[in-house]
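What follows is a set of notes on a single structure, which appears directly below.
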Amino acid sequence: MERGFSLSGHERNVCFLNLGRGDGRFATASAVTGFDFDDDARAVVPVDWDGDGDLDLWLANRTAPMLRFLKNTHCDGRVLGEPADWVTFRLVATRGVRDAIGGRVTVRLGAGGRMVRVLKAGEGFLTQTGKSLHFGLGEAGKIQSVVVRWPGRGEESFSGVEAGREYLLREGAGRAVVVERAQEGRLPPVLAEGAAPLPDGGPVRAVAGSRFPLPVLPWESFAGEKRTSGGRGQGVTLINLWATWCAPCVAELNEFQASGDLLQAAGVKVVALSVDGLVEGGTSTDPAALAAKRAFSFATGRATPALVRRIERARAHAWGVKWALPVPSSVLVDGDGRLLVLYAGRVTPAQVAADARLAATASPEAWHDAAMPFPGAWIERPNRPIALPLALDLMNEGALDEAQEFCGRAGTELSRHKEYAILLTWIGERLMERGSTAGALQAFESALAADADNVVVLNNLAWQRAAHPDAAVRDAAAAVRLAETAATLSTYQNASVLDTLAAAYAEAGRFTEAVATGEKALILATQSASPEVVQSITKGLGFYRRGRAYGR
């Protein structure tokens, strides 16, 4: 699923035809109806979309194409004057819920049979079929009577109903009212205000409604110089990924060049980075030579694997898409290094300029609304995604400096995540390994400020204050206070925490307590089969029993 493949395993859609024999038998009509698509299908919605009296179908799929429309041509070939074989009703209640959900309509036919439909709020998997009740009458033709049982109330008969019409049945009226139906070809496409249909091949324009922060994006100039984009203070930047073997990429670069004044007026600078050699594709052209020949007025260079990886992870964080980026692709980043828009496919300079101008003037709510593909009213706005996973990715890469920069720039937002203190502790440990003691202690203190009751954070900082080789770092009183808090929170049942508390007591000269605490820690560690902790505790006890602090 994460690679965009089908979950269903290429199971073709199936359509069954009721044989109408009264014995409950059906026959497959999948191929003859054109319904047997090899799609990862999820939902089917029947609705008279073109207003001709028969039910058309909308299909929803998990992967592209995500929507299909199947037009029912049953009524298209009807001979003039031939009896209609359908009728449709809309219900309006005057008491209780106006939508009349749960209302039941019974149509009695001239041939003696009857048909029943119940108005539901939803039907099928993740679908809403609409509020009209459609009856296919077949050859029965003539309607004898129509009765509505209103939800929670009694029955009501309606007169004046004929086949081939849509009627409004209002509670208490007793007579059906004809509804004028939309004619085929007059239904407008559903698009967001100001939007236009995408041309074939894209681009996909995904607005990051929450403007979440991105890590800095490293790249190299064609001369081999190390550069970065994003971060704070670099202004609105369009970072474009292209390849020499990609014709739409080169055309897009030429458009950026020709529209330099437009982009500059919108405050956008372009950084175009070649992915040649990073992705599959044949090339006989040196990207540096191509850029030099075209004399681009904007920055060009080579994308690094880290840059591509960070953009792909940001896309996965925001939209859940985890397969590789196409070329061309671009990201629009604001002056604080926050993601504004991701474009998958060739984008026009006019669209980039329009997005940059909107981002500069729109309120947070208006920008959030711009991320939606259609207009509407919010019941409740979703929570902002917190980009802590992107910072954890930096640490997993070993990019300690970038992780520090990211936390410094986005700390206010990252601090809303419950694991933020753990991240800062991880950064502190790596800084301590590097020998950056002051920076490490600052990271530990920031972690403690973020979560004062986090046992891992308390234990890490207490150990540094109790056992660090540098006397300027050790602080016996602080070590005891922090370690006792951690021990209390862990109910004195965590061997590692008790090991730290023993070291803190020893640093404070309380050697009897240090030995007793260390011996309890040793028992717990032995029971839990933690050889590394056992080794640390045993080493510490060797100092405390001789009246010495840990390591001295």
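Taking the six-membered ring where the residue is Trp, the centroids of W463 and H468 are separated by 6.0 Å or more.
Of the N and O atoms on the side chains of Q464 and N460, not one donor lies less than 3.5 Å from an acceptor on the other residue. Looking at D369 and W378, their side chains do bring a donor and an acceptor atom within 3.5 Å of each other. If you check the side chains of N13 and D36, you find no donor sitting under 3.5 Å from an acceptor.
G53 and H134 get closest at one heavy-atom pair: O-NE2, 2.8 Å. The minimum heavy-atom distance linking C407 with L423 is given by the pair SG-CD2, 3.6 Å. Between L55 and P46 the shortest heavy-atom distance is CD1-CB, 4.2 Å. When all heavy atoms are compared, the tightest approach of S229 to V271 is OG-CG2, 3.8 Å. Shortest non-hydrogen contact noted between G231 and V216 is CA-CG1, 3.9 Å. Looking at every heavy atom in both residues, A208 comes nearest to F212 through CB-CE2, 4.4 Å.
In this structure, R12 fails the cation-pi test against F37, since its NZ or CZ atom is not both closer than 6.0 Å to the six-membered ring centre and inside 45 degrees of the ring normal. Both tests do not hold together for R68 against W58: distance to the six-membered ring centre under 6.0 Å, angle to the ring axis within 45°.
With sequence neighbours left out, F35 forms a ring-ring contact (aromatic ring centres under 6.0 Å, His included) with no residue at all. In terms of the ring-ring contact (aromatic ring centres under 6.0 Å, His included) criterion, W242 has no residue partners (sequence neighbours excluded). With sequence neighbours excluded, no residue forms a salt bridge (Lys or Arg N to Asp or Glu O under 4.0 Å) with D453. Residues satisfying the side chain to side chain donor-acceptor pair (under 3.5 Å) criterion with R98, sequence neighbours excluded, are absent altogether.
Residue pairs meeting the side chain to side chain donor-acceptor pair (under 3.5 Å) criterion with at least one member in residues 411-427, sequence neighbours excluded: R384-E413.
Heavy-atom contacts from other residues, nucleotides or ligands closer than 6.0 Å to CG of N383 number 12 or fewer.
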For a quick test of your reading: what N or O donor-acceptor pairs under 3.5 Å do the side chains of residues 296-303 make, sequence neighbours left out?
unit_1: S297; atom_1: OG; unit_2: Q257; atom_2: OE1; d: 3.1

(request) Assess whether side chain to side chain donor-acceptor pair (under 3.5 Å) is satisfied between N254 and R294, documenting all intermediate values. (result) CA-CA 8 Å; N254 291 334; R294 303 296 174 99; 3.0 Å; yes

